[in-house]
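Structure, as structure tokens:
Quick note: numbers below take in every heavy atom, side chains included, and nothing from hydrogens, waters or symmetry partners. Computed from a predicted model, the values in this text were never measured in an experiment. Numbering of ligands and ligand atoms starts at 1, following listing order.
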Amino acid sequence: MTDARRLDGKTALVTGASSGLGAHFARVLAQAGAAVGVAARRVERLNDLVAEIEASGGKAFATALDVTDLKQIDSAVTEVEAALGPIDILVNNSGVTAPSAIQRISEEDYDFVMDTNLKGAFFMAQAVGKSMIERKSGGRIINISSTLAHRVIGQLSIYCMSKIALDQMTTAMALEWARHDINVNAICPGYIETEMNADYWQTEAGQAFLQRFPRPRVGEPADLDGALLLLAGDEGRFMNGSVIRVDDGFAVGFK
Ligand SMILES: NC(=O)c1ccc[n+]([C@@H]2O[C@H](COP(=O)([O-])OP(=O)(O)OC[C@H]3O[C@@H](n4cnc5c(N)ncnc54)[C@H](OP(=O)(O)O)[C@@H]3O)[C@@H](O)[C@H]2O)c1
């Protein structure tokens, strides 16, 4: 039997919590009992989320964070730990795309995607991992990758490259930090409807794209809850270096 309050007493930090999946992950972790630090650049949205979580009886704290700035990473970790206690769970979720044909990709586009999705995620995990190692507490790091790590589509080359590298980062950290009792795993979501893409699925192009999926449907954020809570909670204690696709079979192939 799974305990609905399985994360009581734990502190989590979710990056990119100002919208979409990150905001959802923060709500789910708070409902499961964790005190949740929420971080991103759009602080007003984070403050609204904190108010919502607190109104539901949870505990949360907002901190400004640009993951491409290493100083901000350190200060966000310090602030969350001062406000909520040592971080037990990091959900490394911040991510961006810059859709473009390969021949038109600029150095700025390349750096924008890689610095956020890979470099930012690396140094975020490093900062939280260092704190866990110093405290000898162990912990969980959950990297939010993508089904597009395992199946490329046009116009998203740098994004796909960043996510497959994030998967390998996950396994490298899992290997080195096992001795510190830190489990590092990744979730690779398929297409999930969020405010950013909801309109697209209603367009002719969106509908045509859907018809090529093994099943013509997109997921909802709650479809990721099982994997998230598994990796965050005690049930996931024997999982380390796992890269879990939750994509309704998208990466398996087009029909
Ligand atoms: N939705 C999907 O279908 C899907 C599928 C597979 C994987 N994913 C992955 O899931 C994650 C969340 O995506 P989403 O769909 O929820 O998109 P989203 O709504 O655009 O959320 C992206 C989040 O990342 C944050 N972010 C962007 N740049 C940042 C930076 N420099 N520093 C800190 N935070 C930054 C944004 O916050 P600020 O702008 O406020 O900083 C925002 O909260 C991403 O890693 C994405 O690749 C999504």
Completion exercise
the protein heavy atom lying closest to atom 22 (C) of ligand 1 turns out to be G95 O, 3.6 Å
Practice task
Using a 4.0 Å heavy-atom cut-off, say whether E195 meets ligand 1 through its side chain, its backbone, both or neither.
Solution key: neither
Exercise for the section: Nearest heavy atom to atom 43 (O) of ligand 1 wins, so pick from S94, P221, S18. Expected result: S18
Handout entry: Heavy-atom donor-acceptor pair, N93 side chain to G16 backbone, under 3.5 Å
Key = yes
Exercise for the section: Compute the shortest N/O to N/O distance between T68 and ligand 1 and return yes if it is under 3.5 Å, no if not. Expected result: no
Practice task
Flag yes if more than 12 heavy atoms outside Q207 fall under 6.0 Å of its CD atom; otherwise flag no.
Solution key: yes
Problem - Option with minimal heavy-atom separation from atom 23 (C) of ligand 1, where the choices are G16, G120, A40, S146 - result: G16
Practice task
Give the residue and atom name of whichever protein heavy atom lies nearest to atom 5 (C) of ligand 1, and the separation in Å to one decimal.
Solution key: G190 O, 3.1 Å
Exercise for the section: Ignoring hydrogens, just give me the one of S19, A64, G219 whose non-hydrogen atom is nearest atom 21 (O) of ligand 1. Expected result: S19
Problem - Where ligand 1 meets G20 - atom numbers and elements under 4.0 angstrom, heavy-atom basis - result: 16 (O), 19 (O)
Exercise for the section: Hey, could you give me the CG/CG distance between N143 and L166, rounded to the nearest 0.5 Å? Expected result: 4.5 Å
Practice task
Using a cut-off of 6.0 Å, state whether more than 12 heavy atoms not belonging to E44 lie near its atom CD.
Solution key: no
Problem - Interfacing atoms of ligand 1 (cut-off 4.0 Å, heavy-atom, S145) - result: 7 (C), 9 (C)
Fill in the blank from the handout: Judged by heavy atoms only, the candidate from Y191, Y159, F25 nearest atom 8 (N) of ligand 1 is Y159
Handout entry: Taking every non-hydrogen atom, the tightest pair across L224 and F25
Key = CD1-CZ, 3.8 Å
Handout entry: Contact partition for A23 relative to ligand 1, non-hydrogen atoms under 4.0 Å
Key = neither
Exercise for the section: Hey, can you tell me if W201 and F209 have their rings parallel, tilted or perpendicular (30° and 60° cut-offs)? Expected result: parallel
Exercise for the section: Return yes if some donor-acceptor pair links the side-chain N/O of R6 with the main-chain N/O of D234 below 3.5 Å, else return no. Expected result: no
Problem - Exam field: side chain Q155 to backbone A101, donor-acceptor pair closer than 3.5 Å - result: yes
Problem - Spatial distance of atom CD1 (I142) from atom OG1 (T170) [nearest 0.5 Å] - result: 11.0 Å
Practice task
Taking T203 for its side chain and D199 for its backbone only, find out whether a donor-acceptor pair lies under 3.5 Å.
Solution key: no
Practice task
Kindly work out whether a path of hydrophobic side-chain contacts (I/L/V/M/F/W/Y, heavy atoms less than 4.5 Å apart) joins M169 to V184.
Solution key: yes
Completion exercise
In ligand 1, the atoms that come under 4.0 Å of a heavy atom of L21 are 10 (O), 16 (O), 48 (C)
Handout entry: Short N or O distance, K163 and ligand 1, threshold 3.5 Å exclusive
Key = yes
Fill in the blank from the handout: Min over I187, N93, L65, D69 of heavy-atom distance to atom 11 (C) of ligand 1 lands on N93
Exercise for the section: Find all atoms of ligand 1 within a distance of less than 4.0 Å from any non-hydrogen atom belonging to T116, and give their numbers and elements. Expected result: 28 (N), 29 (C)
Exercise for the section: Look at atom 17 (O) of ligand 1 and say which protein heavy atom is nearest, naming residue and atom and giving the distance to 0.1 Å. Expected result: M196 CG, 4.4 Å
Exercise for the section: Look at atom 27 (C) of ligand 1 and say which protein heavy atom is nearest, naming residue and atom and giving the distance to 0.1 Å. Expected result: R41 NH2, 3.3 Å
Exercise for the section: Check each atom of ligand 1 against the heavy atoms of V96 and keep those under 4.0 Å away; list them by number with element. Expected result: 27 (C), 28 (N)
Exercise for the section: Please indicate whether any nitrogen or oxygen in I192 is less than 3.5 Å from any nitrogen or oxygen in ligand 1. Expected result: yes
Practice task
Cation-pi check, R245 to F250: give yes when NZ or CZ is under 6.0 Å from the six-membered ring centre and within 45° of the ring axis, no otherwise.
Solution key: no
Practice task
Tell me which part of D66 gets within contact of ligand 1: side chain, backbone, both or neither, using heavy atoms under 4.0 Å.
Solution key: both
Practice task
Using modelled atom types only, decide if a donor and an acceptor are shared between the side chain of N240 and the backbone of A178 within a distance under 3.5 Å.
Solution key: no
Exercise for the section: Report yes if some N/O of P189 lies less than 3.5 Å from some N/O of ligand 1; otherwise report no. Expected result: no
Handout entry: R42 contact mode with ligand 1 (heavy-atom cut-off under 4.0 Å)
Key = both
Problem - Shortest protein contact, atom 32 (N) of ligand 1 (heavy atom only) - result: V67 N, 2.9 Å
